[in-house]
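Only this structure's heavy atoms are used, side chains among them; waters, hydrogens and symmetry mates stay out. Given the structure is predicted, the values throughout are model-derived calculations rather than measurements. Chain naming here is simple, since letters A, B, ... match the order of the sequence lines and numbering starts at 1 in each.
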Protein chains: 2
Amino acid sequence: MSTPQRRKPRTDAERNRDRVLEAARLLFAESGHDVPMSEVARAAGVGIGTLYRKFPTREALIEAIAERRAGDLAAAGHTFAGEEGQGLAGFLFHVGEVLAGDRGMSEVIEKAMGSAEPQGETRDALLAVIAELLDQARAQGVAGQDVTAEDVNMIICGLAAVIRNAAGDWRRYVAVALEGLRPR
Amino acid sequence: MSTPQRRKPRTDAERNRDRVLEAARLLFAESGHDVPMSEVARAAGVGIGTLYRKFPTREALIEAIAERRAGDLAAAGHTFAGEEGQGLAGFLFHVGEVLAGDRGMSEVIEKAMGSAEPQGETRDALLAVIAELLDQARAQGVAGQDVTAEDVNMIICGLAAVIRNAAGDWRRYVAVALEGLRPR
DNA sequence: CGGAATGAGGAATCCGGATTCCGTATCCGA
DNA sequence: TCGGATACGGAATCCGGATTCCTCATTCCG
């Protein structure tokens with residue numbers, strides 16, 4: 001039947017895939033997603049052809065990277081939920097820290113937290129953590145009962161924009177937002 | 001000496017300029033700034049050459065439009081300052097209303113409120129109104145004494161992003177932000 | 001009205017990144 | 001080690017928008 005049990009991928013192929021992923025991660029973090037594909041290939045020490053075989057579109061490459069990083073964020077979120085108070089606060093500051101050091105990620109997050117259609121894991125995983133942190137925050141009385149995950153979403157979306165545009169002190173932004181979520 | 005007092009511009013030249021400005025305003029509002037220049041020219045019923053003579057770069061065109069609209073926003077801001085309470089709140093909701101109906105403007109505002117370098121009037125005019133509204137808000141006790149214009153800047157920057165990405169209800173975002181600015 | 005001067009139009013050209021394609025090199029399993 | 005399968009490299013090509021430039025039309029002034 002469908003026994004596509006082909007030979008396992010060549011070792012150099014996997015190595016190249018990793019190289020591309022790593023190089024792209026750095027480039028995107030540094031300059032955002034509008035880096036020429038040829039740049040990525042060169043940085044990875046790989047031919048353009050190879051890059052395209054691994055990732056047929058820029059989107060595919062971005063997703064591959066974003067998914068992992070988003071996963072890390074989500075994991076971090078769970079950690080904060082585990083600690084004592086201010087889990088949500090800790091998480092938001094952490095997100096800011098991460099986005100401040102990764103332009104590409106800030107672009108992804110802004111879109112992901114914005115539109116509700118696309119993304120799969122990237123968005124859902126984060127939504128889950130946010131819900132968790134929010135529940136905890138409400139229970140601890142640091143967030144109003146009427147606050148929704150959607151609210152936090154918007155705050156994060158805005159945070160990404162604030163950081164990407166190098167506005168003022170984003171920590172201040174987070175502080176104001178947290179204050180605004182407090183019970184009345 | 002420098003008596004460039006040349007003949008005054010032809011009437012049709014001015015008419016075309018207006019057409020371009022108007023067409024561009026609509027297109028940019030509808031689809032943002034990444035509309036092909038040729039599109040703009042076509043929509044304006046003008047040749048590409050003409051468009052380029054009027055506005056040598058896309059930037060020039062965007063600025064010409066943004067400056068006016070920003071001026072309107074600033075004016076509206078002063079109006080809100082004139083009214084009784086909640087001037088700042090009224091202004092922020094107004095800004096949201098405007099940005100929600102003008103993608104191009106949301107892009108401009110996001111950048112303008114972000115970086116502190118470029119823009120001339122666009123940024124400065126708004127900064128002035130914000131300062132005014134903020135003073136009033138502090139006096140009325142709806143904003144903490146420690147709140148700065150920069151804080152409001154970031155909030156607006158985030159607001160633009162939230163709206164542009166069609167996140168949730170941006171009014172909710174504004175409400176949270178305002179709450180966060182309250183005196184402790 | 002006549003003829004400079006100014007402006008319009010838009011085809012031709014430039015440009016840079018995206019994507020394809022195929023000969024060559026490398027790897028894997030026997 | 002051998003031979004086919006798999007992957008690589010990167011030049012060639014595609015593509016679409018930006019920008020130029022020259023000819024022709026319109027406006028203005030005397």
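- Between Glu22(A) and Arg19(A) there is no salt bridge, since none of the side-chain N atoms of the basic residue sits less than 4.0 Å from a carboxylate O of the acidic one.
- Remark: Thr50(B) is not in phosphate contact with dG7(C), judged by side-chain N or O atoms under 4.0 Å from OP1 or OP2.
- Aromatic ring orientation, Phe80(B) versus His94(B): tilted (interplanar angle from 30° to 60°).
- Applying the 4.0 Å criterion to OP1 and OP2 of dA8(C), one finds that Asn16(B) has a side-chain N or O inside that range.
- Considering all non-hydrogen atoms of both residues, Val40(B) and Ala23(B) come closest at O-CB, 4.3 Å.
- Crowding of Gln140(A) atom CD: a count of heavy atoms from other residues, nucleotides or ligands under 6.0 Å exceeding 12.
- Just one of Val176(A), Leu88(A), Asp146(A) meets the side-chain contact (heavy atoms from CB on, under 4.5 Å) condition when paired with Leu181(A); it is Leu88(A).
- Side-chain N or O atoms of Arg42(A) include none that pairs as donor or acceptor with a backbone N or O of Ile48(A) at under 3.5 Å.
- Here the NE2-CD1 distance, from His33(A) to Ile65(A), works out to 7.0 Å after rounding to the nearest 0.5 Å.
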Given the rule that a pair is Watson-Crick or G-U wobble with both distances under 3.5 Å, how would you write DNA chain C in dot-bracket, using | for pairs to a different strand? ||||||||||||||||||||||||||||||

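- Between the CD atom of Glu14(B) and the C1' atom of dA8(C) there is a distance of 16 Å, rounded to whole Å.
- More than 12 heavy atoms of other residues, nucleotides or ligands lie within 6.0 Å of CD in Glu39(B), so this atom counts as buried by the packing criterion.
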Each nucleotide of nucleotides 17-30 of chain C classed B (base within 4.0 Å of a protein heavy atom), S (only sugar-phosphate) or -, in 5' to 3' order, makes SSBB----BBSSS-

